[in-house]
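Here is the structure we will look at.
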Amino acid sequence: MILGIVGISAQSYAAKDGETTQGKRIVVLGDSYVRNHSRPWSESWHSRCAEKLGMYYLNFGRNGSSIAFDRTKEGFGPAMTERYLAMPEEADYILLIAGHNDAAIVAGNSEKMNIFRQQLDRLLSGLKTRYSGAKIGYVLPWHVDRPGFEEVIAEIRKCCGKYSIPVFDPGKECGIDVNNPEFRAKYFQNKGVNDTAHLNADGHALIVDKGAEFIRSL
């Protein structure tokens, strides 16, 4: 866990009056966007935000993890609808960062999209019930120009609206130009392949300020 104390300036997100993140516990649940693929999770923007905001940080990411589908046979473990039950029982803040792997699975398949829709609802409902006193936020996956991604992102926005969970879209708000090969070569981890998921340290740095603002606004 990380503990640090740094102030930030409010811009597009406004922190609630009289509230502070200092000393609060934040749990981040998700896939390789959270675990940070082949790099240490300490390089991720959410870990750096926690340090900046003086929070205790717990990384609950797993490479290849899915919201709706059990990927144990592939080596990626159970769905997040099961994984979140292993999280600590107490948390002040929860960030859910997921959807990339689900988008790849449901692309063009209406039956799997229905499963995703149902399981996403189950996950958000479960988090709201289990962590009724926590501030919960959802961080969207990148807007990858492949089938499934915009449909999954739209479902996430809709379900988060149902449960009054604020949404942060760093792909658009922080200029993550995932469909640009030159951008990926500079800011993504695997420069020699078509990596549309995993930021490097410089890429994560693009999100830290607005990510911290989003956390403070919850």
Is the shortest heavy-atom distance from the side chain of [X] to the side chain of [Y] under 4.5 Å?
X: Met87; Y: Arg130; result: yes
X: Ile136; Y: Lys128; result: yes
X: Asn59; Y: Arg35; result: yes
X: Trp41; Y: Tyr57; result: yes
X: Leu199; Y: His37; result: no
X: Leu127; Y: Tyr84; result: yes
X: His143; Y: Glu150; result: yes
X: Arg146; Y: Thr196; result: yes

Rounded distance (nearest 0.5 Å) linking atom [atom1] of [X] with atom [atom2] of [Y]:
X: Cys49; Y: Glu213; atom1: SG; atom2: CD; value: 9.5 Å
X: Leu29; Y: Arg62; atom1: CG; atom2: CZ; value: 12.5 Å
X: Ile165; Y: Lys162; atom1: CD1; atom2: NZ; value: 11.0 Å
X: Tyr163; Y: Leu120; atom1: OH; atom2: CG; value: 9.0 Å
X: Leu140; Y: Asp169; atom1: CG; atom2: CG; value: 4.5 Å
X: Phe168; Y: Cys160; atom1: CZ; atom2: SG; value: 14.0 Å

#### Entry: Evaluation steps, side-chain contact (heavy atoms from CB on, under 4.5 Å), between Val28 and Val139
CA-CA 10 Å; Val28 188; Val139 181; over 6 Å; no

### Message
Pair Gln189, Ser38 - check side-chain contact (heavy atoms from CB on, under 4.5 Å), show working.
### Response
CA-CA 8 Å; Gln189 289 183 27; Ser38 61; 2.9 Å; yes

### Task
Could you walk me through whether Ser65 and Phe76 pass the side-chain contact (heavy atoms from CB on, under 4.5 Å) test, one step at a time?
CA-CA 6 Å; Ser65 186; Phe76 302 130; 5.7 Å; no

Closest heavy-atom contact between [X] and [Y]?
X: Ala134; Y: Ala91; answer: CB-O, 3.3 Å
X: Pro141; Y: Ile153; answer: O-CD1, 3.8 Å
X: Ser32; Y: Asn63; answer: CB-OD1, 3.1 Å
X: Leu95; Y: Trp45; answer: CD1-CH2, 4.2 Å
X: Gly30; Y: Ala98; answer: CA-CB, 4.4 Å
X: Cys159; Y: Leu124; answer: SG-CD1, 3.6 Å

May I ask you to decide if [Y]'s main-chain N or O and [X]'s side chain share a donor-acceptor pair within less than 3.5 Å?
X: Trp142; Y: Ala197; answer: yes
X: Tyr131; Y: Asp92; answer: no
X: Glu151; Y: Gly148; answer: yes
X: Asn200; Y: Lys186; answer: yes

### Task
Provide the full list of ring-ring contact (aromatic ring centres under 6.0 Å, His included) pairs with a residue in residues 97-130, sequence neighbours left out, each pair given once.
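Applying ring-ring contact (aromatic ring centres under 6.0 Å, His included) to every pair that reaches into residues 97-130, excluding sequence neighbours, yields Tyr33-His100, His100-Phe149.
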
### Task
Could you list the residues that satisfy side-chain hydrogen bond (donor to acceptor under 3.5 Å, both in side chains) with Asn179, not counting sequence neighbours?
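side-chain hydrogen bond (donor to acceptor under 3.5 Å, both in side chains) list for Asn179, sorted by chain: empty.
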
### By side-chain hydrogen bond (donor to acceptor under 3.5 Å, both in side chains) - contacts of Glu43 (at least two apart)
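So Glu43 forms a side-chain hydrogen bond (donor to acceptor under 3.5 Å, both in side chains) with Arg39.
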
### Task
Any chance you could lay out the salt bridge (Lys or Arg N to Asp or Glu O under 4.0 Å) test for Lys112 and Asp102, step after step, and finish with the verdict?
CA-CA 9 Å; Lys112 289 184 177 178; Asp102 294 88; over 6 Å; no

Would you call [X] and [Y] a salt bridge, using N to O less than 4.0 angstrom?
X: Lys158; Y: Glu155; result: no
X: Arg184; Y: Asp177; result: no
X: Glu82; Y: Arg122; result: yes

### Task
Would you please say whether a donor-acceptor pair under 3.5 Å links the side chains of Thr21 and Arg216?
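No, no side-chain donor-acceptor contact under 3.5 Å.
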
### Query
Take atom CD in Glu89; do more than 12 heavy atoms of anything else shown fall under 6.0 Å from it?
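Counting other residues, nucleotides and ligands, CD of Glu89 stays at 12 neighbours or fewer.
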
### Stepwise side-chain contact (heavy atoms from CB on, under 4.5 Å) check, Leu58 with Ile26
CA-CA 6 Å; Leu58 179 60; Ile26 183 169; over 6 Å; no

### Message
Among His46, His204, His198, exactly one meets side-chain contact (heavy atoms from CB on, under 4.5 Å) together with Asn36. Which residue is that?
### Response
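When side-chain contact (heavy atoms from CB on, under 4.5 Å) is applied between Asn36 and each of His46, His204, His198, only His204 qualifies.
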
### Task
Determine, stepwise, if the pair Glu51 / Arg48 fulfils salt bridge (Lys or Arg N to Asp or Glu O under 4.0 Å).
CA-CA 5 Å; Glu51 184 174 12; Arg48 292 156 74 175; over 6 Å; no

